[in-house]
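Remarks on the structure that follows.
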Amino acid sequence: MPEALTFMKKRDWMAALTLLECDKKYSHRHDLKTYLGIAYCAFHNGDYKKCMDIYDELMKRNDYDRNLHAYKACCMYALCNYKEAKNEAQKAEDSELKNRLLFQLAQKCGDENEIMSYHGALSNSIEDQLCMAALHYLRSHFEEATEIYKKLLIENKDYHAINIYVALCYYK
């Protein structure tokens, strides 16, 4: 549904969610893209329970995408259910998202061995580097976090939130 994508690009999650739910209800289509779109918008709108319910429903299908476990684990992480999030994430296919999630979960649970294990699998992608910077920030290693953020800013001038992260590091 192109209209929903327009709202997603504007980060208007409620409008996109409304369109997708109407499409699901009135078109009687039950295609995967609509459900994933609803889950995506619900997640970004902070409705993690709704998002998890959709993932649970999709996981009942034959040959479902095992990455749904990682997506569901992200919801559990957002709800601070770290142990459950770790168990769910471990059911997912290996991916950068799964690694980042397990890396952050290891930090939350204080497992240094796991932190180092997942750290070794981080790449130079912007997502992985932001994850590493977040870990440094949480550990009060503000200079290391600032260095990562500054490198990312040089390559991604349009990522304005990184300026805020740098400012927070300087403040601390």
Subject >> Met76 vs Tyr82 side-chain heavy atoms within contact, under 4.5 Å >> reply: no
Original post:
Can you list the residues that meet the salt bridge (charged side-chain N to carboxylate O under 4.0 Å, His left out) rule with Glu57, with sequence neighbours excluded?
Top reply: Lys60
**OP:** Measure the spacing between NZ of Lys10 and CG of Leu5 and express it to the nearest 0.5 Å.
**Re:** 12.5 Å
Subject >> Cluster link Tyr165 to Tyr170, ILVMFWY, side chain under 4.5 Å >> reply: yes
Original post:
Can you say whether the rings of Tyr48 and Phe43 are parallel (under 30°), tilted (30 to 60°) or perpendicular (over 60°)?
Top reply: perpendicular
**OP:** With the side chain counted from C-beta on, respond yes when Tyr35 and Leu20 share a heavy-atom pair under 4.5 Å apart, and no when they do not.
**Re:** no
Subject >> Rounded distance [0.5 Å steps], CG in Leu19 versus NZ in Lys24 >> reply: 14.5 Å
**OP:** Assess whether side chain to side chain contact (heavy atoms under 4.5 Å, CB included) is satisfied between Tyr149 and Asn163, documenting all intermediate values.
**Re:** CA-CA 8 Å; Tyr149 290 137; Asn163 286 307; over 6 Å; no
**OP:** Decide whether Ile162 and Leu168 are clustered together by the hydrophobic rule: side chain heavy atoms of Ile, Leu, Val, Met, Phe, Trp, Tyr closer than 4.5 Å, transitively.
**Re:** no
**OP:** Indicate yes or no: at least one non-hydrogen side-chain atom of Asp94 is less than 4.5 angstrom from one of Asn99.
**Re:** no
Subject >> Residues that Lys91 engages under salt bridge (charged side-chain N to carboxylate O under 4.0 Å, His left out), provided they are two or more places apart >> reply: Glu88
Original post:
Hey, does the side chain of Asn156 reach the backbone of Asp158 with a donor-acceptor pair shorter than 3.5 angstrom?
Top reply: no
What side-chain donor-acceptor pairs closer than 3.5 Å can you find for residues 135-145, not counting sequence neighbours?
unit_1: Arg139; atom_1: NE; unit_2: Gln107; atom_2: OE1; d: 3.1
unit_1: Arg139; atom_1: NH2; unit_2: Glu112; atom_2: OE1; d: 3.1
unit_1: Arg139; atom_1: NH2; unit_2: Glu112; atom_2: OE2; d: 2.6

Original post:
Are Leu102 and Met116 co-members of a hydrophobic cluster defined by side-chain heavy atoms under 4.5 Å apart?
Top reply: no
Original post:
What do you reckon, are the aromatic ring centroids of Phe7 and Trp13 less than 6.0 Å apart?
Top reply: no
Original post:
Can you say whether the rings of Tyr71 and Tyr55 are parallel (under 30°), tilted (30 to 60°) or perpendicular (over 60°)?
Top reply: tilted
Original post:
Are Leu36 and Met52 linked, directly or through other ILVMFWY residues, by side chains that come within less than 4.5 angstrom of each other?
Top reply: no
Subject >> Point-to-point distance, once rounded to the nearest 0.5 Å, from SG of Cys22 to NZ of Lys25 >> reply: 7.5 Å
Subject >> Test ring pair (Phe, Tyr, Trp, His ring centres under 6.0 Å) applied to His119 - qualifying residues, sequence neighbours left out >> reply: none
**OP:** Taking salt bridge (charged side-chain N to carboxylate O under 4.0 Å, His left out) as the test, write out the residues that go with Arg66, two or more places apart.
**Re:** Glu93
Original post:
Nearest heavy-atom pair of Gln129 and Ser123: which atoms, and what distance?
Top reply: NE2-O, 2.9 Å
Original post:
Does Gln104 use its side chain to pair, donor to acceptor, with the backbone of Cys131 at less than 3.5 Å?
Top reply: yes
Subject >> Non-hydrogen side-chain atoms of Leu97 and Glu127 separated by less than 4.5 Å >> reply: no
**OP:** Verify the cluster assignment for Leu101 and Leu79: are they in a single hydrophobic cluster under the rule of side-chain heavy atoms below 4.5 Å apart?
**Re:** no
Original post:
Above 12 or not: heavy atoms from other molecules or residues under 6.0 Å from CE of Met14?
Top reply: no
Original post:
Do you know which two heavy atoms are closest between Ala16 and Met8, and how far apart they sit?
Top reply: CB-CG, 3.8 Å
Original post:
Are any of the side-chain heavy atoms of His69 and Tyr64 separated by less than 4.5 Å?
Top reply: yes
Subject >> Other residues, nucleotides, ligands: >12 heavy atoms within 6.0 Å of Tyr118 OH >> reply: yes
Subject >> Validation row: Tyr77, Asn81 side chains within 4.5 angstrom (heavy atoms) >> reply: no
Original post:
Quick one: do the Asn67 and Asp65 side chains pair a donor with an acceptor below 3.5 Å?
Top reply: yes
**OP:** List in chain and number order the residues that pass salt bridge (charged side-chain N to carboxylate O under 4.0 Å, His left out) with Asp56, two or more places apart in sequence or in another chain; answer none if no residue qualifies.
**Re:** Lys72
Subject >> Minimum side-chain heavy-atom gap Leu17-Lys50 below 4.5 Å >> reply: yes
Original post:
Picking from Arg100, Lys86, Gln90, Glu114, what satisfies side chain to side chain contact (heavy atoms under 4.5 Å, CB included) with Leu105?
Top reply: Lys86
**OP:** Could you tell me which non-hydrogen atom of Lys98 sits nearest to which non-hydrogen atom of Ala89, and how far apart they are?
**Re:** CE-O, 3.3 Å
**OP:** Quick one: pull up CG in Asn45 and CG in Asp12 and give me the separation to the nearest 0.5 Å.
**Re:** 9.0 Å
Subject >> Non-hydrogen side-chain atoms of Leu58 and Arg61 separated by less than 4.5 Å >> reply: yes
